[in-house]
Amino acid sequence: MKLKTVTVANFRCYKSPLSVVFDDMTTLVGRNDSGKSTLLDALEVFFNDKALDKNDAAKGGNPKAVTITCTFTSLPPQLVLDETVLTSLTDEHLLNPNGDLEITKIFNCSIEKPKLSSLRVKAFHPTADGAKDLLGLKIDELKARAAQVGVDLDAVN
């Protein structure tokens with residue numbers, strides 16, 4: 001996978017969302033205290049779970065919504081999501097409308113020890129009548145829906 005973009009919002013000097021697009025070689029250039037290190041720290045938080053403190057929230061921003069989003073391209077053709085079963089991010093409908101993997105981490109910095117409050121994947125799901133609620137159904141509800149539409153569950157664990 002290759003990092004395509006990083007977007008930060010409500011993080012230190014970036015109250016409004018700021019996106020940086022990465023190419024084969026990306027250079028951050030600017031005056032002292034213009035936010036270059038803040039972008040690198042955001043990547044450290046995203047990838048290595050670096051701890052935030054309550055002062056990491058942007059002044060005048062929403063301290064409950066310190067947001068770091070990373071978008072990835074050049075995705076692996078196959079991966080294992082469930083023990084040993086091979087699948088792909090495309091088959092699992094985990095890609096955004098551009099065909100990229102987009103992950104957002106939202107932190108609550110309004111508390112003494114800030115913590116991750118939400119982890120989201122922006123995914124583009126196909127739509128079909130009677131299928132909009134599938135992700136929220138429990139196993140028994142899924143089995144009932146499968147029976148309704150005539151899906152053979154004999155080979156399903």
Side-chain angles (χ1 to χ4, degrees), residues 1-53 55-58 61-109 113-139 142 145-146 151 155-157:
M1 291 192 315
K2 180 179 173 185
L3 181 62
K4 181 178 179 181
T5 63
V6 63
T7 303
V8 294
N10 291 313
F11 184 60
R12 297 187 187 161
C13 61
Y14 297 110
K15 177 181 168 187
S16 299
L18 172 87
S19 294
V20 174
V21 177
F22 293 94
D23 207 344
D24 289 333
M25 187 171 109
T26 301
T27 306
L28 301 175
V29 178
R31 299 177 322 198
N32 289 345
D33 293 326
S34 62
K36 301 178 302 291
S37 295
T38 295
L39 290 171
L40 295 175
D41 286 343
L43 292 171
E44 179 77 11
V45 169
F46 188 91
F47 288 109
N48 297 323
D49 297 323
K50 178 183 175 187
L52 294 174
D53 68 44
N55 295 320
D56 284 325
N62 182 355
K64 293 182 180 180
V66 174
T67 305
I68 304 169
T69 300
C70 287
T71 305
F72 303 91
T73 189
S74 301
L75 304 168
Q78 290 188 321
L79 55 104
V80 177
L81 286 181
D82 187 15
E83 294 189 24
T84 60
V85 179
L86 281 175
T87 188
S88 71
L89 294 169
T90 302
D91 290 344
E92 298 296 325
H93 304 289
L94 291 174
L95 303 179
N96 68 16
N98 297 326
D100 300 323
L101 176 62
E102 185 174 333
I103 301 171
T104 299
K105 292 184 176 186
I106 301 172
F107 300 87
N108 182 352
C109 288
K113 285 190 167 191
K115 64 179 184 175
L116 180 68
S117 59
S118 181
L119 177 68
R120 300 176 183 172
V121 174
K122 185 174 183 179
F124 181 71
H125 292 273
T127 58
D129 291 336
K132 292 182 180 182
D133 62 343
L134 285 181
L135 292 175
L137 297 179
K138 294 181 173 41
I139 190 70
L142 284 170
R145 181 72 56 83
V151 174
V156 177
N157 181 353

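Computed from heavy atoms alone, side chains included, the values below leave out hydrogens, waters and symmetry copies.
Between L52 and K115 there is no side-chain heavy-atom pair separated by less than 4.5 Å. V80 is not listed as a side-chain neighbour of V85, based on a closest heavy-atom distance of 4.5 Å or more. The closest side-chain heavy-atom distance from T27 to M25 is below 4.5 Å. The shortest distance between side-chain heavy atoms of F124 and L95 does not fall below 4.5 Å.
Applying the salt bridge (charged side-chain N to carboxylate O under 4.0 Å, His left out) test to residues at least two apart or on different chains, the pairs with a partner in residues 19-38 are K2-D24. For residues 8-19, the set of pairs meeting the salt bridge (charged side-chain N to carboxylate O under 4.0 Å, His left out) definition, not counting sequence neighbours, comprises R12-D41, R12-D56.
Taking every heavy atom of both residues into account, D53 and C109 meet most closely at O-SG, 4.0 Å. Pairing each heavy atom of G35 with each of C13, the nearest pair is CA-SG, 3.8 Å.
Side-chain atoms of Y14 never come within 3.5 Å of backbone atoms of T7 as a donor-acceptor pair (strictly under, hydrogens ignored).
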Handout entry: Full working for side-chain contact (heavy atoms from CB on, under 4.5 Å) between T67 and V8
Key = CA-CA 6 Å; T67 305; V8 294; over 6 Å; no
Practice task
Please assess L89 against L79 for the test side-chain contact (heavy atoms from CB on, under 4.5 Å), listing each intermediate value before the final yes or no.
Solution key: CA-CA 8 Å; L89 294 169; L79 55 104; 3.6 Å; yes
Exercise for the section: Show your reasoning for whether side-chain contact (heavy atoms from CB on, under 4.5 Å) applies to L39 and V20. Expected result: CA-CA 9 Å; L39 290 171; V20 174; 3.7 Å; yes
Handout entry: Trace of the salt bridge (Lys or Arg N to Asp or Glu O under 4.0 Å) decision for R145 with D133
Key = CA-CA 11 Å; R145 181 72 56 83; D133 62 343; 2.9 Å; yes
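Side-chain contact check for Q78 and S88: no donor-acceptor pair (N or O, by modelled atom type) lies under 3.5 Å.
In this structure, C70 SG and L43 CG are separated by 5.5 Å, a value rounded to the nearest 0.5 Å. Here the straight-line distance linking atom CE of M1 with atom OG of S74 works out to 10.0 Å at 0.5 Å rounding.
The side chain to side chain donor-acceptor pair (under 3.5 Å) with T5 is formed by just one residue from the set T73, T71, D100; it is T71.
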What side-chain donor-acceptor pairs closer than 3.5 Å can you find for residues 101-108, not counting sequence neighbours?
unit_1: E102; atom_1: OE1; unit_2: N96; atom_2: ND2; d: 2.9
unit_1: T104; atom_1: OG1; unit_2: T69; atom_2: OG1; d: 2.8
unit_1: K105; atom_1: NZ; unit_2: F46; atom_2: O; d: 2.7
unit_1: N108; atom_1: OD1; unit_2: S110; atom_2: N; d: 2.9
unit_1: N108; atom_1: OD1; unit_2: S110; atom_2: OG; d: 2.5

